[in-house]
Amino acid sequence: MRRGPDRRTVNGMIEVRQLTKRYGATPAVDGLTFTVRPGSVTGFLGPNGAGKSTTMRAVLGLDKPTSGEARVNGRSFADSTWPLHEVGALLDANAVHGGRTAFDHLYCLARSNRIGRRRVTAVLDQVGLAEVARKRVGTFSLGMKQRLGIAAALLGDPGVLLFDEPVNGLDPDGIRWIRGALRGLAAEGRTVLVSSHLMSEMALTADQVLIVGRGRLLAETSIAELTAQGESLEDAYFALTGSDVEYRAAR
Ligand SMILES: Nc1ncnc2c1ncn2[C@@H]1O[C@H](COP(=O)(O)OP(=O)(O)OP(=O)(O)O)[C@@H](O)[C@H]1O
């Protein structure tokens, strides 16, 4: 296996500067600036349509910004020679080829970054899928697909990890497992950015939070600071996002 980037020469930071992404006239992301640092879990929160997924796609080089920039380890991730070794991402757990086995799905990804079979076996073991490694992904439950997506993100042992709503649709056991996995990755000194709509879960998982509304930054702070006045994370979230919700039912 060829080695990825030297950990000592990368800063592990996600830096978003004046990022704007428009689809037609409407900005999905509107002049967003923030920094995500290593060693903690950063929750990325905001109402539906606030621009979280668009921002993550821009960080991963999957969406070209209209203006501004997103950098990982000090440069555009689209220029990375070692994508899986630098950044691991889970954007959509269902975006897998159902006819492939779990092992083959991961091995296809691994080969593109010159990662060997032994590492594929190790990450399957790490996420608890060793016993179903030879089963077709099409037979997997959502929880198993989320675990597989996390295994894919971990393949290259990256220092930076992005997870877009990884606990959506999971049972309590799966939610607890993901919480432990994210906290463990941050404790190893990695940078972990995770979007979620579950405030109670984020209060347990994240150390830092970024809150966005209508593509703009509403808060960049720690959970401890946000809840220092005795408010819950959910109360603080509603106070910040109150006027930025795109759709609301009539009362
Ligand atoms: N490919 C696209 N074409 C047109 N509009 C888009 C596209 N992708 C996103 N948008 C729009 O950009 C805005 C931000 O969407 P985005 O998916 O980034 O928000 P989000 O915060 O991730 O939302 P959710 O919490 O619902 O997943 C929304 O108004 C959405 O409709």
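As the structure lists them, so they are numbered: ligands from 1, and atoms in each ligand from 1.
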> What pair of heavy atoms forms the shortest contact from Met202 to Ile223, and how long is it?
Replying inline: O-CD1, 3.8 Å
> Of all the atoms in ligand 1, which lie at a distance below 4.0 Å from a heavy atom belonging to Glu165?
Replying inline: 25 (O), 27 (O)
> If you count the atoms of ligand 1 from 1 in the order shown, which ones are under 4.0 Å from a heavy atom of Arg57?
Replying inline: 8 (N)
> Rounded to the nearest 0.5 Å, how far apart are NZ of Lys64 and CD of Glu69?
Replying inline: 11.5 Å
>> Within a 6.0 Å radius of atom CZ on Arg17, are there more than 12 heavy atoms belonging to other residues, nucleotides or ligands?
In response: yes
> Going by the atom numbers of ligand 1, which of them fall below 4.0 Å from some non-hydrogen atom of Asn48?
Replying inline: 23 (O), 24 (P), 25 (O), 26 (O)
> Taking atom CG of Leu240 and atom CD1 of Ile211, what is their separation to the nearest 0.5 Å?
Replying inline: 5.0 Å
>> Is there a polar contact, in the sense of an N or O pair closer than 3.5 Å, between Gly51 and ligand 1?
In response: yes
>> Which of the numbered atoms in ligand 1 are under 4.0 angstrom from any heavy atom belonging to Pro47?
In response: 21 (O)
> Would you call Asp207 and Arg183 a salt bridge, taking side-chain N to carboxylate O under 4.0 Å as the test?
Replying inline: yes
>> I'd like to check whether Thr54 has a polar contact with ligand 1, where a contact means an N/O of the residue lying under 3.5 Å from an N/O of the ligand.
In response: yes
> Backbone N or O of Arg100 within a donor-acceptor pair of the Arg136 side chain at under 3.5 Å?
Replying inline: no
> Taking the six-membered ring for Trp, are Phe44 and Phe163 ring centroids under 6.0 Å apart?
Replying inline: no
> Which is it for Ser195 and ligand 1 at heavy atoms under 4.0 Å: side chain, backbone, both or neither?
Replying inline: neither
> Would you say ligand 1 has an N or O under 3.5 Å from any N or O of Ala50?
Replying inline: yes
> How does Lys21 reach ligand 1, if at all, at less than 4.0 Å between non-hydrogen atoms: by side chain, backbone, both, or neither?
Replying inline: neither
